Amino acid sequence: MQYSQKVLDHFMKPHNVGKLKNPDGQATEGSPACGDQVSIDIIVNEKTHIIEEIKFQSYGCASNIATGSIITEMAKGKTIEEAKNIGWKEAAEELDGLPPVKMHCSVLAVDTLRNAIKDYELKHGLAEADKFSKEMIVEELKKVIYPQVGEDIVSLKMVKYVGFENGVAIIDVDIPSFDTYRDNVAEEIEEHLEKFPEIKEVKITM
Amino acid sequence: MIYLTNCRTSQPAPEAIEAMLPYLKEKFYFPGNFIKSGTEAKQDLEKFQNVISTSINANSTEIHFTNSGTSANNIAIKGYISANATRGTHIIVSVIDYPDLLANAAFFENSGFSVTYISADRDGFINLEELKDAIQTDTIFFMTTLGNHTTGTIQPLKKIREILDSADHKIAMHVDACEAYGRIPIDVNELGIDLMSISAHKIHGPQGVGALYQRKGIKIGQVNHGVSRIDNHETGGISMASIAGFSKAVELISANFDEYSQKIRDLSNYLLEQIEAKISHTMLNGPRGEKRAPHNINISFDFIEGEAITVMLDFYDIAVATGSACASQGLKANYIMMALGRTHEQSHGSIKFTLSRYNTFEEIDITVEKLAEIVQELRRRSPLYNEEN
């Protein structure tokens with residue numbers, strides 16, 4: 001397994017590193033405990049809704065830094081609608097691919113960008129805060145990547161059941177007991193669902 | 001390449017490679033009886049056993065060559081426990097031991113044996129009080145890693161032996177010494193070791209060969225079945241060339257032990273001293289001084305992640321290892337760092353340097369210079385770091 005030359009280029013000389021003074025939108029996703037965290041600041045033209053300035057910071061591995069660099073490059077100069085539509089596979093392709101085990105870095109970078117845009121939209125009355133529902137849990141599970149193949153666990157049909165009742169989210173995942181990534185998948189699910197204050201407890205069965 | 005990951009594998013000594021060549025060319029025979037090709041190989045094998053046994057104050061008949069250190073661990077653990085299961089079914093190991101030991105403990109646990117996992121303190125020394133309390137009437141086996149592969153911690157085997165001997169029945173002690181052997185003196189009699197695994201490729205011998213020390217009188221069952229070329233422990237064909245290279249690597253170390261181990265310790269001390277002087281917000285993992293294997297320096301760098309450090313150092317042809325989840329097989333934080341009470345960040349930000357006698361002070365200077373630049377640059381990129389830190 002090795003990084004593409006483009007990943008290494010963006011890692012060694014990343015674009016748009018830093019913070020912005022008085023950003024219009026800001027988001028920080030991931031956590032140091034999980035080994036990766038990304039922050040994105042954006043400045044958006046109020047009339048055109050074009051992202052005029054964008055900066056990122058990353059605590060993470062080489063691919064985490066490279067995806068932060070590429071996602072900010074891709075979003076710069078785009079309208080917020082265009083930028084929201086950048087997908088994690090597209091970002092990975094822009095880097096000439098990522099090893100499957102590193103695909104979650106692209107998901108994290110895209111998620112952070114979308115949340116920075118959301119932050120801007122909320123502050124400017126362009127969107128309303130999402131109302132929590134079971135569907136949002138499923139959407140969040142689409143961000144959990146099975147590292148063996150670099151696809152999300154929902155697309156891979158590994159998620160057999162999603163339930164939510166009285167603050168308890170119940171997730172049933174089909175993954176063998178000997179799977180190297182079993183603990184990682186469980187940790188990733190918990191980390192992704194932590195952001196919902198409505199969820200008091202996550203019960204994962206495997 | 002500045003190679004600072006000798007715990008993974010080490011550069012074979014030129015003399016060891018040279019010693020292998022006759023066994024790849026004209027002396028390609030397996031040991032045997034009655035005909036010259038076999039008897040000569042057998043004599044050579046006994047000579048090699050003697051070199052290894054002398055280095056640990058054992059007898060040559062107590063040395064069994066294996067295909068690796070891991071194979072030696074499996075033969076020792078599975079062999080001893082299976083042969084002694086009628087005496088008891090309780091095993092003791094620590095949570096910070098080498099994966100070979102923990103995987104075998106899990107294997108026996110799944111097979112109906114009971115296992116006590118004892119903890120370790122912040123520097124990686126196993127908890128001796130817990131060990132005392134863990135001993136039961138049916139305890140038959142204790143195993144540990146002499147020089148911890150992550151923190152370099154040297155376990156106090158003499159004290160451990162005394163504790164094991166306080167039981168009113170025999171508890172065998174198996175030691176994985178692959179990290180420590182050739183770097184610290186090991187006397188199997190003084191330390192009371194019953195079984196011990198060592199490996200050639202970590203001490204400038206060839207890859208694909210290890211050895212098991214089995215104290216006379218310690219019975220182990222057969223683990224590998226099939227044709228016997230050397231003995232019934234590692235069955236099947238075994239490389240005489242690799243054994244010859246292993247033996248030569250040990251000869252070199254034995255002849256220059258004090259000089260080599262002092263050089264490695266001086267290099268390690270210099271590396272640690274330079275990093276602590278030139279880079280802020282660092283923490284040494286494992287003990288300082290004589291209780292640490294001389295080749296190991298493990299340091300956590302705050303606010304940044306280890307895989308990024310290793311990839312950037314690799315750009316400058318400097319090879320090191322990290323405890324970061326991002327570089328691990330299962331994307332998990334290093335189990336030893338976590339067991340020693342480190343935070344996830346300290347585990348993810350840890351870098352392990354393992355040195356050899358082939359490293360130089362100049363290489364250390366270059367490494368620290370590049371490392372200081374890299375740490376500064378990655379901290380500039382990190383949302384966890386600000387100048388006030």
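Here is how names work: the chains are called A, B, and so on, in the same order as the sequence lines, proteins then strands, and each is numbered from 1. Because the structure is a prediction, the values reported are computed rather than measured.
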Undergrad: Is chain A contacted by the side chain of B:R379, its backbone, both, or neither, given a heavy-atom distance below 4.5 Å?
TA: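 Contact with chain A is absent: no heavy atom of B:R379 under 4.5 Å.
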Undergrad: If we define contacts as heavy-atom pairs under 4.5 Å, which of A:G68, A:C61, A:P32, A:P14 has the most with chain B?
TA: A:C61
Undergrad: For chain B, which of A:S31, A:S63, A:A62 has the most heavy-atom pairs under 4.5 Å?
TA: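 Going by pairs under 4.5 Å, I would pick A:A62.
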Undergrad: So does B:T151 get a backbone contact from the side chain of B:N285, meaning a donor-acceptor N/O pair under 3.5 Å?
TA: no
Undergrad: Heavy-atom pairs under 4.5 Å with chain B: which of A:R182, A:Q57, A:E187 has the most?
TA: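 Looking at each of A:R182, A:Q57, A:E187 in turn, A:Q57 comes out on top.
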Undergrad: May I ask you to decide whether A:K195 forms a salt bridge with A:D111, counting only side-chain N to carboxylate O separations under 4.0 Å?
TA: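 Looking at A:K195 and A:D111, the cut-off is met.
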Undergrad: Using a cut-off of under 4.5 Å on heavy-atom pairs, state which of B:G349, B:P383, B:S382, B:A308 scores highest against chain A.
TA: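 Most heavy-atom pairs under 4.5 Å with chain A: B:P383.
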Undergrad: Taking the ring of B:F107 and the ring of B:F113, is the distance between their centroids below 6.0 Å?
TA: no
Undergrad: For a quick test of reading the model, state the closest non-hydrogen atom pair linking B:I336 to B:I96 and the distance between them.
TA: CD1-O, 3.5 Å
Undergrad: Regarding B:H149 and B:D97, is there a side-chain donor-to-acceptor distance under 3.5 Å anywhere?
TA: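 No, B:D97 and B:H149 have no side-chain donor paired with an acceptor closer than 3.5 Å.
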Undergrad: Is it the backbone or the side chain of A:K102 that comes under 4.5 Å from a heavy atom of chain B, or both, or neither?
TA: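 For A:K102, the contact with chain B is made by the side chain alone.
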Undergrad: Below 4.5 Å, heavy-atom pairs only: which of B:R380, B:E307, B:E345, B:E377 has the largest tally toward chain A?
TA: B:E307
Undergrad: Assess the side chains of B:S114 and B:H90: does a donor N or O sit below 3.5 Å from an acceptor N or O?
TA: no
